[in-house]
Amino acid sequence: QVQVVESGGGLVQPGGSLRLSCAASGSDFSIYAMGWYRQAPGKQRELVARVTRVGSTIYADSVKGRFTISRDNAKKTVYLQMNSLKPEDTAVYFCNAALPLGNGDYSARAWGQGTQVTVSS
């Protein structure tokens, strides 16, 4: 069983950068696809980026070219480097560990408590 804890959120000005971290505990971290989601007030939670257990990545169109997801299996940690931040990136960011179902879908196994990212001048 895996548990995840996010860190690294905060207040940043438009155009700035932040790096979020998600530390996992438990065994077999490397078998999980790791994802970052976000939820803004009044909106549904959305996938921001995912990195599979073999290192393939996907991004939401709104963050392509600005955000980079990466994982360090030795440290059991996944990162989200966020550059050129915009006010519309303001949200609570959640880390997720999931297992692939084989049809392109994933089954969530753990969610973090979330970390607030606020982009404002």
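Please read all numbers here as calculations on a predicted model, not as lab measurements. We count residues from 1, following the sequence as given.
Counting non-hydrogen atoms of neighbouring residues, nucleotides and ligands closer than 6.0 angstrom, the CZ atom of Arg66 exceeds 12 such neighbours. Heavy-atom contacts from other residues, nucleotides or ligands closer than 6.0 Å to CD of Glu88 number more than 12. More than 12 non-hydrogen atoms from other residues, nucleotides or ligands lie less than 6.0 angstrom from CD of Gln116. No more than 12 heavy atoms of other residues, nucleotides or ligands lie within 6.0 Å of CD in Gln1, so this atom counts as exposed by the packing criterion.
Looking at Lys76, its side chain never comes within 3.5 Å of a backbone N or O of Asp28 through a donor-acceptor pair. Side-chain atoms of Thr52 never come within 3.5 Å of backbone atoms of Ala33 as a donor-acceptor pair (strictly under, hydrogens ignored). Side chain of Glu6 to backbone of Gly114: a donor-acceptor contact under 3.5 angstrom is found.
Residues Asn83 and Ser17 bring a donor and an acceptor atom of their side chains to less than 3.5 Å of each other. Judged by distance alone, the side chains of Arg109 and Ser107 do bring a donor and an acceptor atom under 3.5 Å apart. In the model, Arg38 has a side-chain atom that pairs as donor or acceptor with a side-chain atom of Tyr93 under 3.5 Å.
In this structure, Gln81 CD and Leu18 CG are separated by 8.5 Å, a value rounded to the nearest 0.5 Å. Rounded to the nearest 0.5 angstrom, Asn103 CG and Leu101 CG are separated by 5.5 Å. Considering OG of Ser121 and CD of Gln13, their distance stands at 7.0 Å, rounded to 0.5 Å. To the nearest 0.5 Å, atom OG of residue Ser30 and atom CZ of residue Arg71 are 7.0 Å apart.
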Criterion side-chain contact (heavy atoms from CB on, under 4.5 Å) on Phe29 and Met34, from CA distance to verdict: CA-CA 9 Å; Phe29 171 78; Met34 300 299 297; 3.8 Å; yes
Step by step, work out the side-chain contact (heavy atoms from CB on, under 4.5 Å) result for Arg50 and Trp36. CA-CA 6 Å; Arg50 176 185 290 130; Trp36 284 99; over 6 Å; no
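Checked options Ile69, Val117, Thr115; the residue passing with Leu80 is Ile69 (criterion: side chain to side chain contact (heavy atoms under 4.5 Å, CB included)).
In this structure, Trp111 has its ring center under 6.0 Å from that of Tyr37.
Side-chain contact check for Tyr32 versus Asn96: every heavy-atom pair is 4.5 Å or farther apart. Between Phe67 and Leu85, some side-chain heavy-atom pair lies under the 4.5 Å cut-off. A 4.5 Å side-chain heavy-atom check between Gln113 and Phe94 finds every atom pair outside the cut-off. Using a 4.5 Å cut-off on side-chain heavy atoms (C-beta onward), Gln39 and Gln44 make no contact. Residues Pro87 and Ser120 are not in side-chain contact: their nearest non-hydrogen atoms beyond the backbone lie 4.5 Å or more apart. Using a 4.5 Å heavy-atom cutoff, the side chains of Cys95 and Val78 are in contact. For the pair Asp72/Tyr79, a side-chain contact is recorded, criterion being any heavy-atom separation below 4.5 Å from C-beta on.
By the rule that hydrophobic residues join a cluster once side-chain heavy atoms approach within less than 4.5 Å of another member, Val4 and Leu99 end up as members of one cluster. Val92 is not connected to Val63 by any chain of hydrophobic side-chain contacts under 4.5 Å among Ile, Leu, Val, Met, Phe, Trp and Tyr, and they are in different clusters. Hydrophobic clustering (side-chain heavy atoms under 4.5 Å, transitive across Ile, Leu, Val, Met, Phe, Trp, Tyr) groups Val12 together with Val48. Residues Leu20 and Val5 fall into different hydrophobic clusters, defined by Ile, Leu, Val, Met, Phe, Trp and Tyr side chains chained together at heavy-atom separations under 4.5 Å.
A salt bridge is defined here as a Lys NZ or Arg NE, NH1 or NH2 lying under 4.0 Å from an Asp or Glu carboxylate O, and Asp89 with Lys86 fails to meet this definition.
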